[in-house]
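Here's the structure, in structure tokens; my notes come after.
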Amino acid sequence: DHFRRRGPVIRHAPVHLVLDEGHHLEDQLTKTLTASVSEDELSEACDRLARKQGTRRLGDGAGMARLLDDLKRDDFLERAEEVRSRILFVRNAAPMLVPNVDGSEGYEQVVVLHRGSKQRGAETVWKTLDELRLAVKDLDAFLTRALQRCEGQRPSLDLDLLKTHQMRFAAFVSAFDALVSDDANFLRCLYWHPREALWRFDVAPIDVAGLGEPFFAERNSVVVTSATLSAGTQPHFVIDRVGLKPEKPLLQLPSPYRL
């Protein structure tokens, strides 16, 4: 039951875990559970899907249009262009919200996003992000419908490309949905790089214990080792913060080094 097939590859879901350097576990879970979207990444995805008119390469959409009789390259291009235009709106709005700290020219700056904030530029930034989210969702829905209609077709490069693009834009949608959700356990930050004129946002969990618990519950056994798992009188300091439920007492061994 722990084998899952993905095309020609069989992947094994581990049921026993041994995690060394366990004091890094909370940081790694936070990074894994953080949703993010950058202007660079989203623009590159649109370029690969459908490049602008006048470029030598037409983008993957030109090949994917061959999968269905009523699909055209312009179907991909129009939706990609809509996303590109909304990306520019966010780029123009972001500097209004992110403070220009003296001496920070050329360095990435950050501001925490709050719905309903009265800070100058906040309403405009949220409006442009919402519009971009809807454009990305529309493109993802279009790719999803096309992929569903291709069900039963023989494997091909164009079909693989369609699957790849659909998965990529579905991940973008998931990140945008996390951005606009009202879950108070997540911190939403907007970053602006004034020298490169680029933006990105992160949605990071504040407390990972409740999010990590289901993952660890699916394992048959988990062993965590580290030189700093405990903290003073709190022997389970680290594992409590990541959602692990210890079934055995903490085993503390003497150091082989002279301290």
Got a list of side-chain donor-acceptor pairs under 3.5 Å for residues 149-157, not counting sequence neighbours?
{"unit_1": "Arg149", "atom_1": "NH1", "unit_2": "Asp70", "atom_2": "OD1", "d": "3.4"}
{"unit_1": "Arg149", "atom_1": "NH1", "unit_2": "Asp70", "atom_2": "OD2", "d": "3.4"}
{"unit_1": "Arg149", "atom_1": "NH2", "unit_2": "Asp70", "atom_2": "OD1", "d": "2.9"}
{"unit_1": "Arg149", "atom_1": "NH2", "unit_2": "Asp70", "atom_2": "OD2", "d": "3.1"}
{"unit_1": "Gln153", "atom_1": "NE2", "unit_2": "Leu67", "atom_2": "O", "d": "2.9"}
{"unit_1": "Ser156", "atom_1": "OG", "unit_2": "Leu159", "atom_2": "N", "d": "3.2"}

So which heavy atom on Glu82 is nearest to which on Ala135, and how close?
CG-CB, 4.0 Å
Other than Val223, which residues form its hydrophobic cluster under the rule that side-chain heavy atoms must be closer than 4.5 Å?
Val18
How long is the span from the CG atom in Leu250 to the CD1 atom in Ile239, to the nearest 0.5 Å?
7.0 Å
Partners of Lys31 by salt bridge (Lys or Arg N to Asp or Glu O under 4.0 Å), sequence neighbours excluded?
none
When you measure from the side chain of Ser117 to the backbone N and O of His114, does any donor-acceptor pair fall under 3.5 Å?
no
Look at the side chain of Arg48 and the backbone N and O of Gly59, then say whether any donor-acceptor pair between them is shorter than 3.5 Å.
no
Which value, rounded to the nearest 0.5 Å, describes the distance between Lys72 atom NZ and Met64 atom CE?
15.5 Å
Could you give me the CA-CA distance, side-chain angles and deciding distance for Val90 and Val125, then say whether side-chain contact (heavy atoms from CB on, under 4.5 Å) is met?
CA-CA 6 Å; Val90 178; Val125 167; 5.8 Å; no
Give a yes or no on whether Leu147 and Leu49 share a hydrophobic cluster (residues Ile, Leu, Val, Met, Phe, Trp, Tyr; joining criterion: side-chain heavy atoms under 4.5 Å apart).
yes
All heavy atoms of Ala94 vs all of Leu190, minimum pair found to be CB-CD2, 4.2 Å
Given side-chain hydrogen bond (donor to acceptor under 3.5 Å, both in side chains), test Ser181 with Arg188 step by step and report yes or no.
CA-CA 10 Å; Ser181 75; Arg188 296 156 181 85; 2.9 Å; yes
With respect to Phe201, which candidate in Phe176, Tyr191, Phe186 satisfies the ring-ring contact (aromatic ring centres under 6.0 Å, His included) definition?
Phe176
Scanning both residues in full, the closest heavy-atom pair of Leu244 with Asp240 reads O-OD1, 4.3 Å
Would a 4.5 Å heavy-atom cut-off, applied to side chains only, mark Asp60 and Leu162 as touching?
no
Taking C-beta and beyond as the side chain, do Arg133 and Leu179 meet within less than 4.5 Å on heavy atoms?
no
Applying side-chain contact (heavy atoms from CB on, under 4.5 Å) to Leu71 and Arg66, what does each step give before you reach the verdict?
CA-CA 7 Å; Leu71 264 186; Arg66 295 191 293 261; over 6 Å; no
Smallest separation among heavy atoms of Leu211 and Pro205, with atom names
CD1-CB, 3.6 Å
Heavy atoms from other residues, nucleotides or ligands near CG of Asp20 exceed 12 (cutoff 6.0 Å):
yes
According to the ring pair (Phe, Tyr, Trp, His ring centres under 6.0 Å) rule, which pairs have a member within residues 133-156, sequence neighbours left out?
Phe76-Phe142
Do the side chains of Asp47 and Arg84 get close enough for a salt bridge, i.e. N-O under 4.0 angstrom?
yes
Could you work out the complete set of other residues in the hydrophobic cluster of Leu251, with links drawn between I, L, V, M, F, W and Y side chains under 4.5 Å apart?
Leu253
In the single-linkage hydrophobic clustering (I, L, V, M, F, W, Y; side-chain heavy atoms under 4.5 Å), do Trp192 and Met96 co-cluster?
no
Looking at every non-hydrogen atom in both residues, tell me the closest pair between Val238 and Gly22 and how far apart they are.
CG1-O, 3.5 Å
Can you tell me how far apart CG (Leu129) and CG (Leu134) are? Round to the nearest 0.5 Å.
11.0 Å
Contacts of Glu39 that satisfy side chain to side chain contact (heavy atoms under 4.5 Å, CB included) - sequence neighbours left out
Ser43, Ile87, Arg91, Leu198, Trp199
Please list, chain by chain and in numerical order, all residues satisfying side-chain hydrogen bond (donor to acceptor under 3.5 Å, both in side chains) with Arg200, sequence neighbours excluded.
Glu108, Asp202
Students should find that the hydrophobic cluster of Leu187, defined by side-chain heavy atoms under 4.5 Å apart, otherwise consists of Val112, Ile206
Any side-chain heavy-atom pair of Leu19 and Thr225 under 4.5 Å
no
In Å and rounded to the nearest 0.5 Å, what is the CD to CZ distance from Glu81 to Arg86?
12.5 Å
Distance (rounded to the nearest 0.5 Å) between Thr144 OG1 and Leu139 CG:
9.0 Å
Side chain proximity check, Met167 to Thr164, heavy atoms < 4.5 angstrom:
no
Would you say Val111 and Phe89 are hydrophobically clustered, going by side-chain heavy atoms of ILVMFWY under 4.5 Å?
no
Closest approach of Val83 to Cys46 (non-hydrogen atoms, all atoms of both residues)
CG1-SG, 3.5 Å
Between Leu97 and Val180, is there a shared hydrophobic cluster once you connect ILVMFWY residues whose side-chain heavy atoms come closer than 4.5 Å?
yes
Output the distance between atom CG (Asp27) and atom CD (Glu21), rounded to the nearest 0.5 Å.
12.5 Å
Just jot down the side chain to side chain contact (heavy atoms under 4.5 Å, CB included) partners of Ala204, sequence neighbours excluded, or say none.
Thr34
For Glu123, what residues pass the side chain to side chain contact (heavy atoms under 4.5 Å, CB included) criterion, not counting sequence neighbours?
none
For residues 241-256, which residue pairs qualify under salt bridge (Lys or Arg N to Asp or Glu O under 4.0 Å), counting only residues two or more places apart or in two chains?
Glu26-Arg241
Side chain to side chain contact (heavy atoms under 4.5 Å, CB included) filter on Phe172, not counting sequence neighbours, yields Val37, Glu41, Leu42, Ala45, Val136, Arg168, Phe169
Do the side chain of Arg79 and the main chain of Asp75 share a donor and acceptor less than 3.5 angstrom apart?
yes
So do the side chains of Phe215 and Leu17 get within less than 4.5 Å of each other, counting heavy atoms only?
yes
